[in-house]
Number of protein chains: 2
Amino acid sequence: MNTAFANIGQTNSHLNGQVAREIATKILSGEIAEGETLPSEPVLCEKMGVSRTAFREAIKILYSKGMVESKPRVGTRVRCKTNWNFLDVQLLEWMVGIETKKDIYLEFLDLRKAIEPQACAFAAERATKEQRIELTTTFQRMCAIAEDFDQDQWIETDAQFHRMIFISSGNSFYVPFGNVLVAMFKWFILFSSKDGGVCIDEHREIYDAIMAGDSTRAFKASQSLMQKDKHGLGKSS
Amino acid sequence: MNTAFANIGQTNSHLNGQVAREIATKILSGEIAEGETLPSEPVLCEKMGVSRTAFREAIKILYSKGMVESKPRVGTRVRCKTNWNFLDVQLLEWMVGIETKKDIYLEFLDLRKAIEPQACAFAAERATKEQRIELTTTFQRMCAIAEDFDQDQWIETDAQFHRMIFISSGNSFYVPFGNVLVAMFKWFILFSSKDGGVCIDEHREIYDAIMAGDSTRAFKASQSLMQKDKHGLGKSS
DNA sequence: GAGTCCCTTATAGTCATACAATTGATTGTA
DNA sequence: TACAATCAATTGTATGACTATAAGGGACTC
């Protein structure tokens with residue numbers, strides 16, 4: 001498989017990535033408040049032990065997510081939270097481990113409820129042949145895992161299944177949700193209980209409806225799954 | 001007003017911003033295909049007449065939007081489109097002027113239909129006092145503009161009104177939509193016709209419902225506006 | 001005293017160069 | 001053929017110098 005098409009996450013193990021993560025974490029946790037200006041570049045470079053080159057690349061990453069803005073003579077300030085792009089995979093991954101944010105998946109569920117049924121409906125209408133094949137492959141994997149249950153594998157495959165639906169919607173704006181969803185699912189691996197059965201029947205209903213091209217049924221099936229599953233995990237609780 | 005809370009857009013007039021825009025445009029338009037690797041850094045720096053520093057900062061911006069990934073000895077390759085974050089203000093702004101993308105607002109409308117009614121409902125339930133005040137101020141401006149009609153001002157204020165609703169939803173994941181919406185509305189200024197009346201009554205219904213704290217009514221009012229308005233512009237056509 | 005203009009200065013923005021780290025490709029060897 | 005060592009191309013990082021920008025203070029005018 002072409003690497004350009006493989007990974008979803010954006011874990012950047014380089015220095016600039018680490019710096020970006022470190023600062024982002026402080027901003028997201030509120031340790032650095034909105035409106036506050038960061039110490040100057042030389043100071044922070046010294047403090048973090050990196051060169052200006054790496055540091056500035058890190059800042060560009062934060063900038064492009066709407067978290068900071070820089071001006072000469074002023075410095076780099078943290079923008080208002082309303083400008084942060086929470087629908088960004090990296091940003092979500094940075095939130096992992098921030099204690100005060102661990103309940104944010106509840107907010108995400110409210111978004112899923114609004115958008116995912118419609119995504120399923122679109123997928124039923126517009127999924128290409130290739131997308132149907134991949135959806136089938138993924139669903140079959142889910143069935144296998146449901147039989148011989150493994151928590152981590154289930155979550156990963158479940159996320160992939162739902163992501164595939166968003167991709168199959170044929171709408172550019174729906175696609176990013178699939179990626180965000182995958183990022184959120186990674187959280188659940190960290191602190192989800194090992195018990196509870198999977199909603200394989202509910203997923204089958206969604207799958208069947210999409211394959212049958214029945215958008216109304218797909219819409220309802222998705223709604224039904226989200227209704228049953230308080231955690232948005234594909235697990236009944 | 002604190003500058004950290006003022007601007008929504010992210011127009012970066014610096015060199016790295018220009019470079020980012022230039023390359024992003026070529027990627028978005030398909031001139032540089034998915035999976036393709038860019039020429040090496042020294043080559044592109046020469047070609048564009050900038051230093052590696054500025055160039056690499058530009059690439060970091062694209063990277064953080066999921067558009068490219070870099071590896072030593074391999075180069076920088078364009079990632080699969082499914083990884084691009086279309087729910088990003090800068091990315092949307094870069095799309096302006098790409099001829100083949102000018103109908104993408106139709107896709108966006110499909111997203112709005114799914115999410116905005118729910119945002120209105122949440123806003124009715126959870127808008128803070130300050131948010132209600134700002135919403136009121138904005139709505140009053142809309143009314144004034146509707147009287148003494150000005151196309152550009154209408155679009156700008158209309159966008160601000162809808163953005164305020166997303167912010168008032170109290171859900172971190174709904175907020176970015178408001179910003180994306182503003183970016184999309186900027187397009188309309190470019191190629192919208194000057195005729196057509198504004199849907200001030202429909203907007204008033206949404207506003208009243210939110211102020212009354214009636215989420216069901218707010219939901220329906222938003223649906224109704226989107227139904228009536230084929231372009232999602234707040235204008236009947 | 002209030003306002004305007006200009007100068008100073010701190011800060012980010014840009015450049016050039018050198019070196020380090022990574023990894024695909026090549027070559028060598030069993 | 002399979003595996004290991006080497007090479008080389010490309011990005012990653014560091015450093016130092018210079019430029020551009022704009023906040024803040026001071027002198028001047030009204």
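Proteins come first, then strands; the chains are lettered A, B, ... in the order of their sequence lines, and each starts at number 1.
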Return the nearest nucleotide to the side chain of B:Leu15; candidates are D:dA14, D:dG12, C:dC15.
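Closest nucleotide among those given: C:dC15.
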Let's see if you can work this out: which of D:dT13, C:dA12, C:dT14 has an atom nearest to the side-chain heavy atoms of A:Thr53?
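Nearest nucleotide to the side chain: D:dT13.
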Taking any heavy-atom pair under 4.0 Å as a contact, classify B:Ser40: base, sugar-phosphate, or nothing.
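B:Ser40: backbone/sugar contact only, no base atoms under 4.0 Å.
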Which residue lies more 5' along DNA chain D, comparing A:Pro72 with B:Gly75 via nearest heavy atoms
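With A:Pro72 and B:Gly75 compared, the 5'-side residue is B:Gly75.
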On DNA chain D, check which nucleotide each of A:Val50 and A:Arg73 is closest to and give me the residue with the more 5' one.
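Going by which nucleotide is closer to the 5' end, it is A:Val50.
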Is any side-chain nitrogen or oxygen of [X] closer than 4.0 Å to OP1 or OP2 of [N]?
{"X": "B:Asn16", "N": "C:dG13", "answer": "no"}
{"X": "A:Arg56", "N": "C:dG13", "answer": "yes"}
{"X": "B:Ser51", "N": "C:dC15", "answer": "yes"}

Between B:His162 and B:Phe185, how do the two ring planes meet: parallel, tilted or perpendicular, split at 30° and 60°?
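Rings of B:His162 and B:Phe185: tilted, as their planes differ by 30° to 60°.
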Does A:Arg52 get its side chain close enough to the base of C:dG13, under 3.5 Å, for a donor-acceptor pair?
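Yes, the side chain and the base share a sub-3.5 Å donor-acceptor pair.
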Would you say the base of C:dA12 and the side-chain of A:Ser70 have a donor-acceptor pair closer than 3.5 Å?
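It does not, because no donor-acceptor pair links the side chain of A:Ser70 to the base of C:dA12 below 3.5 Å.
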[atom1] of [X] versus [atom2] of [N]: gap in Å, rounded?
{"X": "A:His14", "N": "D:dA14", "atom1": "NE2", "atom2": "P", "result": "13 Å"}
{"X": "A:Phe55", "N": "D:dT15", "atom1": "CZ", "atom2": "P", "result": "15 Å"}
{"X": "A:Lys71", "N": "C:dT14", "atom1": "NZ", "atom2": "C1'", "result": "19 Å"}

Which residues satisfy the salt bridge (charged side-chain N to carboxylate O under 4.0 Å, His left out) test with A:Glu41, sequence neighbours excluded?
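Counting only residues at least two positions away or on another chain, A:Glu41 forms a salt bridge (charged side-chain N to carboxylate O under 4.0 Å, His left out) with A:Arg52, A:Arg56.
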Residue met sooner reading DNA chain C from 5', once A:Thr76 and B:Val74 are mapped to nucleotides:
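The residue mapped nearer the 5' terminus is A:Thr76.
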I want to check something: taking the side chain as every heavy atom from C-beta on, are B:Tyr207 and B:Thr138 in contact at a cut-off of under 4.5 Å?
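Heavy-atom side-chain distance check fails, nothing below 4.5 Å.
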Taking the ring centre of each residue, are B:Phe177 and A:Phe177 less than 6.0 Å apart?
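B:Phe177 vs A:Phe177: aromatic centres under 6.0 Å.
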